[in-house]
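Report on one structure; see the data block that follows.
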Amino acid sequence: MQKPLIGASCAALLFSGVTALAGAAPASAAPAVTVTYAGTVALSNCSGSLVRLPNSAATDPALILSNGHCLETGMPGPGQVLVNRSSSRSFTLLSSTGGSLGTVRANKIVYGTMTDTDVSIYQLTSTYAAIQSRYGIAPLTVSPNHPTQGAAIKVVSGYWKRTYSCNVDGFVYRLKEGGWTFKDSVRYTSSCNTIGGTSGSPVIDTGTGQIVAVNNTGNEDGERCTENNPCEVDQNGTVTVRKGINYAQETYGIPACFAPGNRLDLTLAGCVLPRP
């Protein structure tokens, strides 16, 4: 894991976490959206984002997305899944330029795990509409579609107020790190040289402006399958170590696990997130 560290304007349309450029650009032109810090948050030790699901309503309680290893309760063990746990964690909401707008607060950890993926989802005490009204900030949308190899992406760290730009290099059948195993992980091209504190950052497809993954780890020292040194394992069991390369966990499976009202329901058809 990338170690946790210790220590849009008001006129924007609701649920538009990125700014659309004027006019219809041809397919070969620049990206259709401009990615800013609007919709990102800083945690006490990690990064995160204010997110909506494709069917979320403005009146729903807002959600924050980050990593499971960023939970204030500590890193979940292999096979451990947290659901609907009380929380009063606070998050610093950022402006489009990375300035601090204010604090939003959770009332529960909706979901958290480091099994198959590395994700935490918090429910806030505020609705999307209330946040939009007070701060002029809309959530980023979690895409229901699998990310695309070669797609241009940005990893936006609310903790460091830093954005990394690269591409999806490929997908890893199994990514093993210490006692944890992540499935179908995103591997970045080398220019996304993320560091500790970027954990939980949204990975945004610059073609759609939607979240396709959540940043979580990288091989720091060239070690094989140890903490902070994940290794790739293919379908045949072949292990590959890529020193200096970083990874993210896909998020397209999250929307299928939420019912109307942003209510988590792991029994829904199509939901494949690990259950407690």
Any sub-3.5 Å donor-acceptor pair from [X]'s side-chain atoms to [Y]'s backbone N or O?
| X | Y | value |
| --- | --- | --- |
| S143 | V212 | no |
| S87 | K108 | no |
| S49 | V51 | no |
| N229 | G222 | yes |
| Q149 | D169 | yes |

At what distance, to the nearest 0.5 angstrom, does [atom1] of [X] lie from [atom2] of [Y]?
| X | Y | atom1 | atom2 | result |
| --- | --- | --- | --- | --- |
| I211 | T40 | CD1 | OG1 | 10.0 Å |
| M75 | H69 | CE | NE2 | 7.5 Å |
| S126 | Y135 | OG | OH | 7.0 Å |
| T141 | I204 | OG1 | CD1 | 10.5 Å |
| Y159 | I195 | OH | CD1 | 9.5 Å |
| K154 | D205 | NZ | CG | 11.5 Å |

Show the numbers, then the answer: is there a side chain to side chain contact (heavy atoms under 4.5 Å, CB included) between Y37 and T97?
CA-CA 6 Å; Y37 292 99; T97 57; 5.8 Å; no
Under 4.5 Å between any side-chain heavy atoms of [X] and [Y], yes or no?
| X | Y | answer |
| --- | --- | --- |
| N219 | I245 | no |
| L273 | L266 | yes |
| L175 | Q249 | yes |
| H146 | F171 | yes |
| N215 | Y188 | yes |
| K161 | L94 | yes |
| R275 | T267 | yes |
| N246 | T198 | no |

Ring pair (Phe, Tyr, Trp, His ring centres under 6.0 Å) partners for Y164, two or more places apart:
none
Any idea which heavy atoms bring [X] and [Y] closest together, and the distance?
| X | Y | answer |
| --- | --- | --- |
| P78 | G179 | CG-O, 3.2 Å |
| A130 | T127 | N-OG1, 3.0 Å |
| S165 | S191 | O-OG, 2.9 Å |
| S201 | V155 | CB-CG1, 3.7 Å |
| G150 | N167 | O-ND2, 3.0 Å |
| G196 | W160 | O-NE1, 2.6 Å |

Are [Y] and [X] linked, directly or through intermediate hydrophobic residues, by side-chain heavy-atom contacts shorter than 4.5 Å (ILVMFWY only)?
| X | Y | result |
| --- | --- | --- |
| V83 | V119 | yes |
| V233 | F182 | no |
| V168 | Y252 | no |
| W180 | V241 | no |

List the steps, then state whether side chain to side chain contact (heavy atoms under 4.5 Å, CB included) holds for L50 with L124.
CA-CA 10 Å; L50 175 72; L124 300 184; 4.0 Å; yes
Salt bridge (Lys or Arg N to Asp or Glu O under 4.0 Å) partners of residues 247-261, not counting sequence neighbours, each pair once:
none
Given the options D265, L264, L53, V110, C257 meets side chain to side chain contact (heavy atoms under 4.5 Å, CB included) only with L264
Not counting sequence neighbours, which residues clear side chain to side chain contact (heavy atoms under 4.5 Å, CB included) with P76? List them please.
L71, Q80, L82, M114
Distance alone, cut at 3.5 Å: any donor-acceptor contact between the side chains of [X] and [Y]?
| X | Y | result |
| --- | --- | --- |
| S157 | S47 | yes |
| N262 | S56 | yes |
| Y247 | D118 | no |
| R52 | Y128 | no |

Under the criterion side chain to side chain contact (heavy atoms under 4.5 Å, CB included), I'd like the reasoning laid out for S44 against E72: C-alpha separation, chi angles, the key distance, then a yes or no.
CA-CA 9 Å; S44 58; E72 71 270 32; over 6 Å; no
I need the single residue from E220, E223, E232 that forms a salt bridge (Lys or Arg N to Asp or Glu O under 4.0 Å) with R242. Which is it?
E232
Could you walk me through whether C166 and I153 pass the side chain to side chain contact (heavy atoms under 4.5 Å, CB included) check?
CA-CA 6 Å; C166 61; I153 54 175; 3.9 Å; yes
